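Please read the structure below before turning to the comments.
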2 protein chains.
Amino acid sequence: MSAAIRSPQPPLTRSVEDYLKSVFHLTSQGGFATTSDIAAMLEVAPPSVSGMMKRLSETGLIEHVPYRGVQLTPQGRRAALQMIRRHRILESYLTSKLGFDWGDVHVEAERLEHAVSEKLIERMADALGEPRYDPHGAPIPTAAGEIEEAELVTLAEADVGGSVILQEVDDEHPERLHYLAEQGLTPGVRLRVIERQPFNGPTIVRRDDGTTRVVGQELGLLLFCRPTDGE
Amino acid sequence: MSAAIRSPQPPLTRSVEDYLKSVFHLTSQGGFATTSDIAAMLEVAPPSVSGMMKRLSETGLIEHVPYRGVQLTPQGRRAALQMIRRHRILESYLTSKLGFDWGDVHVEAERLEHAVSEKLIERMADALGEPRYDPHGAPIPTAAGEIEEAELVTLAEADVGGSVILQEVDDEHPERLHYLAEQGLTPGVRLRVIERQPFNGPTIVRRDDGTTRVVGQELGLLLFCRPTDGE
DNA sequence: TTTGATAATTAGGCTAGCCTAATACCCTGT
DNA sequence: ACAGGGTATTAGGCTAGCCTAATTATCAAA
C-alpha cells in the first residue's frame with residue numbers, strides 16, 4: 001500500500017504552492033491540467049513538471065494519470081484555495097490600505113503569499129471588512145475554502161447587441177491594467193456590446209456615459225463579463 | 001585576480017540574508033563573528049557556516065579571516081541593515097496597524113522580511129510616520145542605511161542606586177515578552193535600581209508609580225537601559 | 001615546549017528543484 | 001493498420017544548503 005497519508009504533514013514548499021495554484025487554475029473549467037500547460041504557466045521545463053507531479057501525487061495532493069494530466073485531490077484543492085485566498089486578500093490590502101496601484105499588486109502578492117501566516121491574512125481580511133472580490137474582480141475564497149463560481153463570458157465572445165457588466169480582469173501585466181484603468185474598463189462597469197469586427201476583430205462597446213471603446217480580441221479574451229438582460 | 005565584484009548582482013537568497021543579519025548582530029560591538037556563534041544563532045551546524053562564509057567572501061559581502069571569524073564589508077553591512085530595517089518596520093506595522101501582540105511579531109517579520117519589496121517597506125514606514133524605534137525599542141535603520149548606536153547597559157549590570165530608562169528589550173520569545181508587558185517593563189519606563197542580590201542574583205527596581213519588580217539575572221541581561229542622571 | 005582541548009575546516013553525502021538529451025507513448029491522418 | 005508528430009516521461013547532471021565524520025589549526029596550561 002502507498003503511504004499517501006502522513007499525520008504531521010510537512011509545510012508545503014514555495015514551489016509546491018505554486019504548482020498547486022497552477023493546477024487549480026488550469027482545471028477550473030473541469031478536466032485535466034496537462035504537463036505542458038503547467039510548464040508554460042510556471043515557466044519551467046516540462047520534465048520539471050513531470051518530476052513534481054510524481055512527488056505531489058505521492059503526497060496525495062494531486063491525482064496523476066500518466067500521459068493524460070493531473071487533477072487536485074480534495075486536500076490539494078484545499079491548499080490551492082488557501083493560496084488563492086492569501087493572494088487575493090494581499091492584493092486587496094495593498095491597494096486599499098497601502099495605496100498600491102492595481103497593476104503592481106500581483107507581483108508583490110505573488111511573493112508575499114508564500115510568507116504570510118494564516119493569522120496575518122485573517123487580520124488583513126478583517127481590517128478590509130471581509131472583502132468578497134479582489135481589486136481585479138476575482139472572487140476571494142473564504143477561510144473555509146469556498147469560492148464563488150460565476151459563469152462569465154469574455155468580452156470577445158459576448159453577444160453583440162447585449163449588455164454586460166465587466167466583472168473580472170486578468171491580474172497580470174501592470175501596463176495592461178494601467179491601460180484598462182485609463183479606458184475606464186474596470187470591474188463593475190456596465191457595457192453595451194455595439195458591434196464586433198469579423199476575423200477575430202475588435203469588439204466595440206459603449207459605456208453608460210455614452211463613450212465608446214474599441215477592444216481588440218486579445219484584450220477582450222481577458223475581460224470576463226456577466227451578461228445582463230435589462231437594457 | 002578574483003571576481004569579487006559583479007555588476008548585475010544576483011538577488012540574495014533567504015539564507016544569505018539570514019547569515020548577513022547574524023554577522024551584523026554578532027559584530028555590533030566590534031570584533032569578529034565566530035563560526036560557532038553564527039551556527040548557534042542560525043541553528044545550523046558549524047560546517048554549514050564555514051561553507052557559507054566561503055561563498056559570501058567570494059561575493060564580497062564579508063571579510064573572512066580563516067580560523068578567526070568574519071566581518072561585514074561595506075556592501076554586506078548595507079545589505080544587513082536593509083534586512084534589519086525591513087524586520088523592524090514590519091514589526092512596527094504589524095503591531096500598530098494590524099493589532100498584533102508585541103510577542104508575536106518577531107516570527108512573523110522573520111518570514112516576511114525575505115518577501116517584501118523595498119516599495120512595500122517604504123509604504124509601511126510612511127503609513128507609520130517613519131518610526132525610529134520598533135515595538136521592542138530597537139532603533140530602525142533609515143532607508144539610506146544609517147542606524148542609531150546608543151550606549152546601553154543591561155539592567156543586570158546597571159548601577160545600584162541609579163536611575164535608568166528601559167530602552168530596548170530582546171524581541172524573541174513571545175512568553176517572555178508577555179511577561180514583561182504584564183510587569184509593566186516596556187520600553188520607555190523609568191526605573192530606579194534599588195538593590196541587587198549577590199552571586200548573579202536578581203535586581204530589584206522601583207517604577208515611578210512606586211511598585212517594585214524583582215528581575216532575575218537572566219532576564220535582566222536582556223533589558224537594555226540608558227542610565228539617567230536625574231533622580 | 002609540548003600536549004590536549006576546543007574550534008574551524010575539509011571531505012563526502014543528501015534533498016529539493018531545476019535543466020537538457022534521450023526515450024516512450026498516444027493519437028491522428030493516410 | 002500504421003507512420004509520424006507531438007507530448008510525456010525517464011535518465012542523468014547541476015546548484016544551494018544542509019548534514020555527519022574526519023582532519024587540521026589555535027591557544028592555554030602543564
Side-chain angles (χ1 to χ4, degrees), chain A residues 3-4 6 8-23 26-27 31-71 76 79 83 110-111 113-115, chain B residues 3-4 6 8-23 26-27 31-71 76 79 83 110-111 113-115:
Chain A
R6 248 150 277 238
Q9 46 186 341
L12 305 179
T13 67
R14 283 159 240 280
S15 271
V16 167
E17 290 175 341
D18 283 337
Y19 277 98
L20 292 176
K21 272 205 317 178
S22 290
V23 175
L26 290 169
T27 56
F32 288 87
T34 68
T35 298
S36 42
D37 283 351
I38 299 168
M41 185 168 284
L42 293 177
E43 299 185 277
V44 299
S48 305
V49 177
S50 286
M52 183 60 93
M53 294 305 103
K54 188 146 174 285
R55 279 198 285 142
L56 292 187
S57 59
E58 277 162 8
T59 45
L61 290 163
I62 63 168
E63 204 64 57
H64 186 193
V65 182
Y67 290 100
R68 268 258 146 43
V70 299
Q71 285 181 317
M83 293 312 297
E110 202 70 17
R111 270 178 294 105
E113 64 189 8
H114 303 296
Chain B
R6 249 150 276 240
Q9 47 185 339
L12 306 179
T13 67
R14 282 160 241 279
S15 270
V16 168
E17 290 175 342
D18 283 337
Y19 277 98
L20 293 177
K21 271 205 317 177
S22 291
V23 175
L26 291 168
T27 55
F32 288 86
T34 68
T35 298
S36 41
D37 283 352
I38 299 169
M41 185 168 286
L42 293 176
E43 300 185 277
V44 299
S48 304
V49 177
S50 285
M52 183 61 93
M53 293 307 103
K54 188 147 175 283
R55 279 198 284 140
L56 292 187
S57 60
E58 277 162 7
T59 46
L61 291 162
I62 63 169
E63 204 64 58
H64 185 192
V65 182
Y67 290 99
R68 269 256 145 46
V70 300
Q71 285 181 316
M83 292 312 296
E110 202 70 14
R111 271 178 294 104
E113 65 190 9
H114 304 296

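Just so we're on the same page: letters track the sequence lines, and every chain starts at 1. On a predicted model such as this, the values are computed, not experimentally measured, just so you know.
Side-chain nitrogen and oxygen atoms of B:T34 include none within less than 4.0 Å of the OP1 or OP2 phosphate oxygen of C:dA7.
In this structure, B:T35 reaches the sugar-phosphate backbone alone: every heavy-atom distance under 4.0 Å involves primed, P, OP1 or OP2 atoms, never a base. Residue-level contact check: A:S50 touches the bases, meaning some heavy atom is under 4.0 Å from a base atom. Backbone-only contact: B:S15 has heavy atoms under 4.0 Å from sugar-phosphate atoms and none from a base.
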> Would A:V16 and A:M52 count as a side-chain contact (heavy atoms from CB on, under 4.5 Å) if you check the C-alpha gap in whole Å, the side-chain angles of each, and the deciding distance to 0.1 Å?
Replying inline: CA-CA 8 Å; A:V16 167; A:M52 183 60 93; 4.1 Å; yes
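Within 6.0 Å of CD in B:E63 there are 12 or fewer heavy atoms belonging to other residues, nucleotides or ligands.
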Validation: residues 36-47 of chain A side-chain donor-acceptor distances under 3.5 Å, sequence neighbours left out:
unit_1: A:D37; atom_1: OD2; unit_2: A:T34; atom_2: OG1; d: 3.3

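Listed in residue order, the members of residues 61-70 of chain B having a heavy atom less than 4.0 Å from DNA chain C are B:H64, B:P66, B:Y67.
Here the range on DNA chain D touched by chain B, meaning any atom under 4.0 Å from one of its heavy atoms, is D:dA16 to D:dC27.
Taking B:R14 as the reference, A:R14, B:H114 meet the side-chain contact (heavy atoms from CB on, under 4.5 Å) condition, with sequence neighbours excluded. Taking B:Y67 as the reference, nothing meets the side-chain contact (heavy atoms from CB on, under 4.5 Å) condition, with sequence neighbours excluded. Partners of B:E17 by salt bridge (Lys or Arg N to Asp or Glu O under 4.0 Å), not counting sequence neighbours: none found. Residues passing the salt bridge (Lys or Arg N to Asp or Glu O under 4.0 Å) test with B:R111, sequence neighbours excluded: B:E108.
Contact annotation: the side chain of A:V70 never approaches that of A:L56 to less than 4.5 Å [non-hydrogen atoms, C-beta and beyond].
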